[in-house]
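Okay, so here's the structure we're looking at.
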Amino acid sequence: MGLSIEMKFQELVFDVVKEIPEGETLTYKQVAKMAGKPKAYRAVGNILNKNFDPAIPCHRVVRSDGKIGGYNRGESYKRKILKLEGAPI
DNA sequence: CATTTGACGCCAA
DNA sequence: TTTGGCGCCAAAT
């Protein structure tokens, strides 16, 4: 029976991001690696960019350079949320 | 099916 | 330290 779990990279990324606890942050590269493709960090950014689902705390994904990164609702808002959550960033 | 798009990452200067 | 440029990949068109 071809019931092999076949998740798209996009689904895996969303799943990983959904599991990020409050006050924690992951880098795009880390998320890509956890999703099974350590070199797809570029695609991760693109995927999160299209996500407007508030159930996915995509604001907890930051750059490896220590910068905030972007956010489809405004980078300022992203930084504010991270500060409110007490993220080490 | 081919090309373009980007919320990135890393290195050299 | 900061900046510019190249590489990298999935999804959209």
Side-chain angles (χ1 to χ4, degrees):
Chain A
M1 311 186 308
L3 288 183
S4 47
I5 50 177
E6 192 176 306
M7 291 184 85
K8 293 170 166 296
F9 182 68
Q10 188 173 290
E11 304 264 338
L12 291 167
V13 169
F14 287 143
D15 191 57
V16 170
V17 175
K18 259 189 292 193
E19 297 299 309
I20 303 177
E22 184 174 309
E24 293 283 316
T25 54
L26 287 179
T27 66
Y28 292 94
K29 189 161 62 167
Q30 274 284 75
V31 173
K33 185 177 183 181
M34 293 165 80
K37 299 191 177 189
K39 293 199 220 162
Y41 39 74
R42 269 280 205 177
V44 172
N46 259 357
I47 290 163
L48 295 179
N49 179 0
K50 288 168 22 180
N51 173 59
F52 281 82
D53 190 334
I56 300 172
C58 53
H59 59 265
R60 291 181 188 149
V61 184
V62 298
R63 298 197 15 160
S64 301
D65 296 274
K67 304 195 193 236
I68 303 296
Y71 193 53
N72 52 23
R73 312 297 276 168
E75 290 97 272
S76 290
Y77 185 63
K78 179 175 178 179
R79 185 189 281 202
K80 186 159 104 170
I81 294 177
L82 292 175
K83 184 180 169 113
L84 291 174
E85 294 188 350
I89 191 75

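This structure is a prediction, so every number in the text was calculated from the model and none was measured. Just so we're on the same page: letters track the sequence lines, and every chain starts at 1.
Two residues are said to be in side-chain contact when any heavy atoms from C-beta on lie closer than 4.5 Å; A:I47 and A:F9 meet this criterion.
Base pairing in DNA chain C yields stems of at least 3 consecutive Watson-Crick or G-U pairs, both distances under 3.5 Å, namely B:2-6 with C:9-13, B:8-13 with C:2-7.
DNA chain B lies under 4.0 Å from at least one heavy atom of each of the following residues of residues 69-81 of chain A: A:G70, A:Y71, A:N72. Residues of residues 54-67 of chain A that place a heavy atom closer than 4.0 Å to DNA chain B, in numerical order, are A:C58, A:R63, A:S64, A:D65.
Neither A:V44 nor A:L12 shares a network with the other; the hydrophobic side chains, linked directly or stepwise wherever heavy atoms of I, L, V, M, F, W or Y lie under 4.5 Å apart, form separate groups for each. Side-chain heavy atoms closer than 4.5 Å link hydrophobic residues (I, L, V, M, F, W, Y) into clusters, and following such links, even through other members, never connects A:I81 to A:I56.
Taking CG of A:N72 as the reference point, atom CG of A:L48 lies at 9.0 Å (rounded to 0.5 Å).
A search for side-chain hydrogen bond (donor to acceptor under 3.5 Å, both in side chains) contacts involving A:D15 returns nothing, not counting sequence neighbours. For A:K78, the side chain to side chain contact (heavy atoms under 4.5 Å, CB included) partners two or more places apart in sequence, or in a different chain, are A:Y28, A:H59, A:V62, A:I68, A:Y71, A:L82. Under the side-chain hydrogen bond (donor to acceptor under 3.5 Å, both in side chains) criterion, A:R63 pairs with A:D65, sequence neighbours left out. Take A:I20 and apply the side chain to side chain contact (heavy atoms under 4.5 Å, CB included) test, not counting sequence neighbours, and it matches A:V17, A:E24, A:L26, A:R60, A:V61.
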Could you pull out the protein-nucleic contacts involving nucleotides 2-4 of chain B (nitrogen or oxygen on both sides, under 3.5 Å)?
none

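Cluster partners of A:F52: none. The rule joins Ile, Leu, Val, Met, Phe, Trp and Tyr whenever side-chain heavy atoms lie under 4.5 Å apart, and it links nothing here.
When every heavy atom of A:A55 is checked against every heavy atom of A:K18, the shortest pair comes out as O-CG, 3.7 Å. Minimum heavy-atom separation, A:A40 to A:A32: C-CB, 3.8 Å.
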Protein-to-nucleotide contact annotation, 5' to 3' order, nucleotides 7-13 of chain C [B base; S sugar-phosphate only; - none; under 4.0 Å, heavy atom]: BBBSSS-
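Atom P of nucleotide B:dG9 and atom CD1 of A:I68 are separated by 13 Å, given to the nearest angstrom. Atom CZ in A:F14 sits roughly 14 Å away from atom P in B:dA7 (whole-Å rounding).
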